[in-house]
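Numbering of residues begins at 1 and proceeds along the displayed sequence.
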Amino acid sequence: MQRRIVISLTSAILLLAPFFAQPRKAVAQMGYSGKDMGRIGQWLTFNQLELYRLEIPSYAAPYSVLLASGHHGWRIVVFLRDGGEVNEDWDSGSLPKVFQLASTDSLVLLPKVGKNFGVTFTGCSIKDCQENYGAILYLPWSHEFFFKEISEKGVTCSETLLDPHNYIALRTLDAALKRQESFIPQYVPPFCPGMGLVQPPR
């Protein structure tokens, strides 16, 4: 696992400075001002979270995605700049223990997941990383959330993954699980219960 770099709450705004060292055109494409960054920093301080990573890709506009950590573990938050202000659009809450062992690289943004862009995160349990691990997927444009977790008790999945129309979400989760278990040659993600009946939509 990669070493995580901790950023103190008082340094949250300083972390955002490199975004504004870029050419004006690039900053404009991000659509976030210094005031917007300040609001995000205030949100982090209010929730007593440390900022580990912030992503504002042009394809995700007007959204931004941050990875933070607090007393109860990892937390992913999506912000939306709408009506001239930045506000929280989605908050994962503290992620369960199956995501205890994760690095900042465990957060992967995908520019195209069907008609959405996707936010994925993977990790494993500090108690048994090889047997307890999982992946989550959030699609900001449609506000859909999916998960797939593997443990010694079996496989647990979002019920919505049984819907053939969510085949792309399932495929995206399985790709994330492959990244998580990349140390296992020819790893194949296990099926969700009842998944044998699901076929890609035609």
side-chain contact (heavy atoms from CB on, under 4.5 Å) partner of I136, the single match among V98, T122, T120, L95: L95
Atom of I56, atom of S64 and distance for their closest heavy-atom approach: CG1-CB, 3.8 Å
Distance in Å, Y167 OH paired with T172 OG1, rounded so as to fall on 0.5 Å steps: 10.0 Å
H143, NE2: over 12 other non-hydrogen atoms inside 6.0 angstrom: yes
Residue pair L170 / K148, side-chain heavy-atom distance below 4.5 Å: yes
F99 reachable from I150 in the ILVMFWY side-chain graph, under 4.5 Å edges: no
CZ-CD distance between R39 and E85, expressed to the nearest 0.5 angstrom: 4.0 Å
Between CG on residue L173 and SG on residue C157, distance to nearest 0.5 Å: 8.0 Å
L80-L107 co-clustered via ILVMFWY side chain contacts under 4.5 Å: yes
V113 side chain reached by R171 side chain, heavy atoms, under 4.5 Å: no
Report, one line per pair, each donor and acceptor closer than 3.5 Å where one atom sits in a side chain of residues 181-192; sequence neighbours left out.
{"residue": "S182", "atom": "OG", "partner": "R179", "partner atom": "O", "Å": "3.3"}
{"residue": "Y187", "atom": "OH", "partner": "Y133", "partner atom": "OH", "Å": "2.7"}

N47 vs R75 side-chain heavy atoms within contact, under 4.5 Å: yes
I168 reachable from L137 in the ILVMFWY side-chain graph, under 4.5 Å edges: yes
Linked, directly or transitively: L161 and L177 (ILVMFWY side chains, under 4.5 Å): no
S33 and D36 side chains, donor-acceptor separation under 3.5 Å: yes
Any donor-acceptor N/O pair, N116 side chain to W141 backbone, under 3.5 Å: yes
Identified side-chain contact (heavy atoms from CB on, under 4.5 Å) counterpart of L51 within the set L66, L67, V77, T45: L66
Heavy-atom neighbours of E88 CD exceed 12 at 6.0 Å: yes
Non-hydrogen atoms of L162 and P193 that approach each other most closely: CD2-O, 3.5 Å
Sub-4.5 Å side-chain heavy-atom contact between V65 and I76: yes
Side-chain touch W43/L49, heavy atoms, less than 4.5 angstrom: yes
Parallel, tilted or perpendicular: ring planes of F145 versus W90, cut at 30 and 60 degrees: tilted
Main-chain N/O of I126 paired to Q100 side chain as donor or acceptor, under 3.5 Å: yes
Value rounded to 0.5 Å, distance of OH in Y63 from CZ in F117: 7.0 Å
Side chain K112, main chain G114, donor-acceptor under 3.5 Å: yes
Residue pair Q42 / I40, side-chain heavy-atom distance below 4.5 Å: no
Exercise: identify the closest heavy-atom pair between A102 and G123: CB-CA, 4.2 Å
Verdict with reasoning, S92 to Y138, per side chain to side chain donor-acceptor pair (under 3.5 Å): CA-CA 9 Å; S92 70; Y138 180 65; over 6 Å; no
side-chain contact (heavy atoms from CB on, under 4.5 Å) between E50 and Y52, worked out: CA-CA 6 Å; E50 293 176 342; Y52 279 68; 3.8 Å; yes
Check: N166 side chain, T160 main-chain N or O, donor-acceptor pair, under 3.5 Å: yes
For the student: nearest non-hydrogen atoms of Y59 and L109, plus distance: OH-CB, 3.4 Å
Gap separating the NZ atom of K97 from the CD atom of E149, nearest 0.5 angstrom: 13.0 Å
